[in-house]
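Some notes on the structure that comes next.
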Number of protein chains: 2
Amino acid sequence: MTAPAATDPIDYKLDDQVGFVMRRANQRHLALFASLIPELTPTQFAALAKLCELGEISQNALGRATAMDAATIKGVVDRLRRKGFVADKPDPTDQRRLLLKPTAAAWAAYDRLLPRAQEITASTLAPLTEGERAVFLLLLRKLT
Amino acid sequence: MTAPAATDPIDYKLDDQVGFVMRRANQRHLALFASLIPELTPTQFAALAKLCELGEISQNALGRATAMDAATIKGVVDRLRRKGFVADKPDPTDQRRLLLKPTAAAWAAYDRLLPRAQEITASTLAPLTEGERAVFLLLLRKLT
DNA sequence: CAAAATCCATTTGCGTACAAACAATATGGA
DNA sequence: TCCATATTGTTTGTACGCAAATGGATTTTG
């Protein structure tokens, strides 16, 4: 019996590995995002959205809410501030914290971009049927 | 009737968007990869694997095979070469091309790391049942 | 054949990502 | 209270990832 078993290492194909396929699916999504919302990156939009969802919040807390570490959220917030979307002030009750708040421009941008964000989600999932989308999101969320 | 329709923009929640959940699932996979194969990044391993799968190949062609653009694959190949995994020579039939080939060390590393790579795939999909894994991979591939 | 279009590799610039180290501040427990 | 510990924000260094521009080689096509 020389036939390879089901788990034979020989059967490894890069193109079948979750990580590789997920990276490619993500690339497609990023491209869709860039074409529908050119003025903001997905990460920047995520931070903007959470900032509007949550209101006043410290920088690190915003990072946790958007799944970015302290170093990453700093750069993102810096760029959002440069675009006029973030107002900050020291937290009076904790000298370490930097309190962030969405500006009026942030709310305007959020309201304006929300429909586009929904389009992006829809286009990303477009290759799937209605039922498949629900299943996919359910399983994807399990991998988190 | 003031009840919001099913597609009401009000219903947008960042945490439910494919892009955001996919980014988090990917973060988890990256962390698993880093802990099981610390010596190589996922991208570097992808390039190494494809290089061994395909044999002699030009740099840009390797980039296409691994879904990396020319600028990205250059950096990855540079780092693989620094680790002694890539031998290169000019293509005699086309002065533009840089022909790449896996070294003996590359084959050794590939053989040694393959089981780990399979473990990474398994751990990433561990939260799913056997049946769910197949469904998930099928749907994920549709999004590519 | 010659011009136009394409392809290859490279570079620069910007934007995530994360590890590791740091100083300043808070907080909990002995 | 005082000290160990944790948290906050920052910086540095490394590694993708892509757009855009460049110079050189090849292919297509008129």
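Within every chain, numbering begins at 1; the chains are lettered A, B, ... in the order of the sequence lines, protein sequences first and strands thereafter.
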Residue-phosphate contact under 4.0 Å: A:Q95 side-chain N/O, D:dT7 OP1/OP2 = no
Touch check for B:T43, heavy atoms < 4.0 angstrom, all strands: base, sugar-phosphate only, or nothing?
-> sugar-phosphate
Name the nucleic acid region contacted by B:T41, choosing base, sugar-phosphate or nothing; use a 4.0 angstrom heavy-atom cut-off, strictly under.
-> sugar-phosphate
[X] side chain, from C-beta outward: closest of [options]:
X     : options                : value
B:D94 : D:dA25, D:dG9, C:dT12  : D:dA25
B:K74 : D:dT10, C:dT11, D:dA15 : C:dT11
B:R79 : C:dA17, D:dA15, D:dG17 : D:dA15
A:Q59 : C:dC18, D:dT10, C:dA17 : D:dT10
A:A71 : D:dC18, C:dG15, C:dC18 : C:dC18

Identify, between A:R82 and A:P92, the residue whose nearest nucleotide on DNA chain C lies closer to the 5' end.
-> A:R82
Hey, which of these two, A:G75 or A:T93, hits DNA chain C nearer its 5' end, going by closest nucleotide?
-> A:G75
Closest non-hydrogen atoms of B:L48 and B:L80, given as atom of the first, atom of the second and distance, are N-CD1, 4.0 Å
Of B:A67 and A:D78, the one whose closest nucleotide on DNA chain D sits nearer the 5' end is A:D78
What is the ring orientation for A:Y12 with B:F45, classed by angle as parallel under 30°, tilted 30 to 60°, or perpendicular over 60°?
-> perpendicular
Hey, does the side chain of A:R23 reach the backbone of B:A67 with a donor-acceptor pair shorter than 3.5 angstrom?
-> yes
Quick one: does A:R28's side chain have a donor or acceptor within less than 3.5 Å of a partner on A:T124's backbone?
-> yes
N/O to N/O distances under 3.5 Å, protein versus nucleotides 2-7 of chain C:
residue, atom, partner, partner atom, Å
C:dC7, O2, B:R96, NH1, 2.7

